[in-house]
Number of protein chains: 2
Amino acid sequence: MGETGETGSSRTRPTIYDVARAAGVAPSTVSRAFSRPGRVNAETADRIRRVAHELGYRTSPIGRGLPDGRTALLAIVVADLTNPFFFEIIRSAEKTAIDSGYTLLVVDAHESSGAERRALERTLPLVEGVVLATSRLSDAAIRAVAKQRPTVVMNRVVTDVPSVVTDNAQGMRRAVEHLAGLGHARLTYLAGPEASWADGMRWRAFREATRELGLRAWRLGPFAPTLAGGLSAAQALTTHSATATVAYNDLVAIGTMRGLTRLGVEIPRDLSVVGFDNIFGSDFCTPPLTTVASPLRHFGTFAVQRLLNQLRAPSSGSSPGLSAPALLPAKLVERGSTARRA
Amino acid sequence: MGETGETGSSRTRPTIYDVARAAGVAPSTVSRAFSRPGRVNAETADRIRRVAHELGYRTSPIGRGLPDGRTALLAIVVADLTNPFFFEIIRSAEKTAIDSGYTLLVVDAHESSGAERRALERTLPLVEGVVLATSRLSDAAIRAVAKQRPTVVMNRVVTDVPSVVTDNAQGMRRAVEHLAGLGHARLTYLAGPEASWADGMRWRAFREATRELGLRAWRLGPFAPTLAGGLSAAQALTTHSATATVAYNDLVAIGTMRGLTRLGVEIPRDLSVVGFDNIFGSDFCTPPLTTVASPLRHFGTFAVQRLLNQLRAPSSGSSPGLSAPALLPAKLVERGSTARRA
DNA sequence: ACGGCGACGGCAACCATTTGCCGTCTGGGG
DNA sequence: CCCCAGACGGCAAATGGTTGCCGTCGCCGT
């Protein structure tokens, strides 16, 4: 009934002023005791730390961020939080950020450029830098983001913006060679979202690799990069004469296998399927999926490291070495979804 | 070489002072034009908004948060980001938060109370409130969190802290009745993490339901709430005489089925399996999993709504109605992993 | 003995915004 | 004609830290 007359359990945390008063020093000294080790006498610093600890003082990120905008926050924007592709990426990115004293915000773009734009609008002012993981934004929009905050894009190349990408061409080439080696001569590619840069890369590499090896190649789609998308792809495949298919990603591949199995097509006997990404789950679906493996863990670590580099480099501007895309190798993991042509 | 002499493309956004100067008013008026509609003359406000828009002004969340701590940030802490159980929860929670003008931070606790504690330490000062989704923290630790910020716990009951839980007892009862109806008389429960409150609830309900129906009941575990955990469970099950099993959650159930299949046990012919949660994927594993469905989507929405209620209610304190657990119903989804006893 | 320097701590400004309070102006009622 | 109220806009303080600059003090070298 009464006003907030509580004494100890107040929800407002103590400030440096409280600590300063209790320790008999000036607030600035308290601040320095925490943020500038060595600048204040060791004994004094010790006493301050002791008092602060007793009072339960914790430095407020808001106050700290005010003067120079240092919020110690980074963000990673992923196209789809539920896509296992991002699991390892998020975790490794998070770890790297934490190890450097940053907190990583995970932002879900729901596979929509509109949602991505809105989310960025909300998040950007808060953070010091951002990783755009497989963004659905236009190059121009991404450059606009990069103008506001240090930015790293993942699995995409945008002029003047640092990026981390898998070697799609190399991976696709391996996949096609693998299928060719099994005797397949008629291949389809199941395309992903039109807005996906990686999809464009993969399709191009697919076309080139098949051409060089003298194979017939078709493109089906686009399909949503989800299991549901894969189901539609299965439908489309039934009327097709190809004996092997490469999907935009593992989710589509798995969805396709499910759909085809349901339609009575047996995999890999009737059709070989190759995925992309080697996500969590691709090894225990039935049959286990042959897929082009991306170094997922390195992806997150690498992206955040590049971001941190930018943050540390005051003279960002025009160092060309920094914005050249970092190319991470891809390798083929052969599992049960591909077999010699019947 | 020179100093930062750039003109237009500066990374520092315009402030209310810039807008005020351009519009010929005081900064306070600009502030009010945005945050206190009606307080300033409609024409003036209009002019200010126009000028602000031209300048590309956006109110800074940091500055705004300073005076009264309003950061418009909420956090949801999930036990494991990669667990599909949380997908729908996160999405619905996020939507609810955004609709109310808040941004939701997603925080991963990596199934570890240590990591959860550290993450909270980092996040708590930033946010106005927090949802603890299946926390691995002790009750005392949770109450300590609740003392710092408005808090809602999910799938768990902690005295004096508002919570949202599924009706585990009811769901488990349905599952056991279902199995009994199929002629099973020897049942095992595959336990989840010791730190899981829901696990305790489910095991207790399992024991009671089996006792009342006159069935034999065993408890195996604990197992990690992951596919890997399910694989270990499969191992443990092979030496057991039960004809049906209920798993702590779907991930364990699916892992168990995989493990058993690999060991030559056929499901549901040799063993019936029931999961918990009805996660994304439980319908397309082989065989499709019979499971106790939680209203995942409502979970997130509900939790955030209760949080928002707390934020709006200044007189929180001791209104008992507010902290009574909200019980969400559970129902059984019968699929292919259960069958009549052989 | 004195000058200088380095270590250390305090003062005050600064960051972007909100808000309590006050001054001014206008209009209407008595 | 005066008074009062209400609308509106400005001043300045407050929020919680950080940091440039300055003063003080003690020590060392000359």
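Chain A is the first sequence line, chain B the second, and so forth, proteins listed ahead of strands; every chain is numbered from 1.
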Just verifying a value: how many Å separate A/Leu73 CG and B/Ile62 CD1, rounded to the nearest 0.5 Å?
8.5 Å

Short side-chain N/O contact to D/dT18 OP1/OP2 from A/Ser28, under 4.0 Å:
no

Could you check whether the rings of B/Phe87 and A/Phe87 sit parallel, tilted or perpendicular, using 30° and 60° as the cut-offs?
tilted

Tell me: CD of A/Glu128 to C1' of C/dC15, nearest whole Å?
15 Å

If only side-chain N and O atoms of A/Ser31 are considered, is one of them under 4.0 Å from the OP1 or OP2 phosphate oxygen of D/dG17?
no

Whole Å only: how far is the CZ atom of A/Phe34 from the C1' atom of D/dG17?
12 Å

Find the distance B/Arg70:CZ to C/dA16:P and express it as a whole number of Å.
20 Å

When you check the phosphate oxygens OP1 and OP2 of D/dG17, does a side-chain N or O of A/Tyr57 lie under 4.0 Å from one of them?
yes

Taken to the nearest whole Å, CD1/A/Ile48 to C1'/D/dG17 is 14 Å

note: B/Glu43, atom CD; D/dA7, atom P; distance rounded to Å ~ 16 Å

For B/Thr96 and B/Gln305, test the side chains for any donor-to-acceptor distance below 3.5 angstrom and give the result as yes or no.
no

Okay, side chain of B/Thr134, backbone of B/Asn155: is any donor-acceptor separation there less than 3.5 Å?
no

Atom-pair distance (CD1 on B/Ile16; P on D/dA12), nearest Å
16 Å

Which nucleotide in the set D/dG17, C/dG10, D/dG10 lies at the smallest distance from any side-chain heavy atom of A/Thr29?
C/dG10

A/Ser60 side chain: which of C/dT17, C/dC21, D/dG16 is closest?
D/dG16

For A/Ile62, answer base if it contacts any base atom (sugar-phosphate contacts may also be present), sugar-phosphate if it contacts only those atoms, and nothing otherwise; contact means non-hydrogen atoms under 4.0 Å.
nothing

Give the rounded distance in Å between these two atoms: CG of A/Asp68 and P of C/dA16.
11 Å

From CG of B/Leu126 over to C1' of D/dG17, roughly how many Å is that when rounded to an integer?
14 Å

Is a donor-acceptor contact shorter than 3.5 angstrom present between the side chain of B/Arg32 and the base of D/dG10?
yes

With heavy atoms under 4.0 Å as the rule, sort A/Val30 into base, sugar-phosphate or nothing.
nothing

Mind checking A/Arg58 for me? I need base, sugar-phosphate or nothing, with any heavy atom below 4.0 Å counting as a touch.
sugar-phosphate

Considering heavy-atom distances to DNA chain D, does B/Ala26 or A/Ser35 have its closest nucleotide positioned more toward the 5' end?
B/Ala26

For A/Tyr17 and for B/Thr15, locate the closest nucleotide of DNA chain C by heavy-atom distance; then report the residue assigned to the nucleotide nearer the 5' terminus.
A/Tyr17

Phosphate OP1/OP2 of C/dT18 contacted by B/Arg64 side-chain N/O (<4.0 Å)
yes

With respect to the phosphate group of D/dG9, does any side-chain polar atom (N or O) of B/Thr44 fall under 4.0 Å of OP1 or OP2?
yes

Does a salt bridge link A/Asp139 with A/Arg156, judged by any charged N lying under 4.0 Å from a carboxylate O?
yes

Report yes if at least one side-chain N or O of A/Arg36 is closer than 4.0 Å to OP1 or OP2 of D/dT19; otherwise report no.
yes

Would you please classify the geometry between the A/Phe85 ring and the A/Phe299 ring as parallel, tilted or perpendicular, with 30° and 60° separating the classes?
perpendicular

